[in-house]
Amino acid sequence: MEWMESLHFGHRTVPLMNKAHRLESRRRLNERMKEMELDLEFRRKWKKTTDVELWSDAAIFKFSDGTKLYLNIS
């Protein structure tokens, strides 16, 4: 069973599937998201994000057009 959570960034919230099942991974993702606040390209992509999968050292952002972004959080 997956842990369904949500990930909030800017004015949007998307579903987060925490496949790592570890609070440390979630903490690192939150820190990495704060670092991405000034990244204009990421902010544009965030508007098209449908959901996020969180693994132990990576987050996979899935977009409405079917593409994915792998974000290293380690």
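Both backbone and side-chain heavy atoms feed into the values below; hydrogens, waters and symmetry mates do not. Model, not experiment: these values are computed from the prediction.
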Original post:
Between Asn30 and Leu7, is a side chain to side chain contact (heavy atoms under 4.5 Å, CB included) present by the stated rule, with each step listed?
Top reply: CA-CA 9 Å; Asn30 290 340; Leu7 182 60; 4.1 Å; yes

Original post:
Is it true that Arg28 and Glu31 have a side-chain N and a carboxylate O under 4.0 angstrom from each other?
Top reply: no

Original post:
With Arg26, which residues qualify under salt bridge (charged side-chain N to carboxylate O under 4.0 Å, His left out), at least two apart?
Top reply: Glu5

**OP:** Kindly write out the residues that satisfy side-chain hydrogen bond (donor to acceptor under 3.5 Å, both in side chains) with Glu24, not counting sequence neighbours, or none if the list is empty.
**Re:** Arg27

**OP:** Indicate the atoms forming the closest heavy-atom contact of Ala20 with Ser25, along with that distance.
**Re:** CB-OG, 3.6 Å

Original post:
Would a hydrophobic clustering, with Ile, Leu, Val, Met, Phe, Trp and Tyr connected at side-chain separations under 4.5 Å, put Phe63 with Met36?
Top reply: yes

Subject >> Single-linkage hydrophobic cluster Ile73~Phe42, side-chain heavy atoms < 4.5 angstrom >> reply: yes

Original post:
Is the side chain of Trp46 donor-acceptor paired with the backbone N or O of Phe9 at a distance under 3.5 Å, no angle test?
Top reply: yes

Original post:
Can you name the residues that form a side chain to side chain contact (heavy atoms under 4.5 Å, CB included) with Lys47, not counting sequence neighbours?
Top reply: none

Subject >> Residues that Thr13 engages under side-chain hydrogen bond (donor to acceptor under 3.5 Å, both in side chains), provided they are two or more places apart >> reply: His8

Original post:
Are Val14 and Leu54 connected, step by step, through hydrophobic side chains (Ile, Leu, Val, Met, Phe, Trp, Tyr) whose heavy atoms are closer than 4.5 Å?
Top reply: yes

Original post:
Regarding Lys45 and the six-membered ring of Phe61, is the cationic atom NZ or CZ under 6.0 Å from the ring centre and inside 45° of its axis?
Top reply: no

Original post:
salt bridge (charged side-chain N to carboxylate O under 4.0 Å, His left out) with Glu35: which residues, sequence neighbours excluded?
Top reply: Arg32

Subject >> Qualifying salt bridge (Lys or Arg N to Asp or Glu O under 4.0 Å) pairs with a residue from residues 53-69, counting only residues at least two apart or across chains >> reply: Glu53-Lys62

**OP:** Report yes or no: do Leu69 and Val52 belong to one cluster of Ile/Leu/Val/Met/Phe/Trp/Tyr joined by side chain heavy-atom distances under 4.5 Å?
**Re:** yes

**OP:** Carefully, step by step, assess Ser64 and Thr50 under the rule side chain to side chain contact (heavy atoms under 4.5 Å, CB included).
**Re:** CA-CA 6 Å; Ser64 56; Thr50 57; 3.9 Å; yes

**OP:** Measure from the side-chain N and O atoms of Arg43 to the backbone N and O of Glu37, and report whether any donor-acceptor pair falls under 3.5 Å.
**Re:** yes

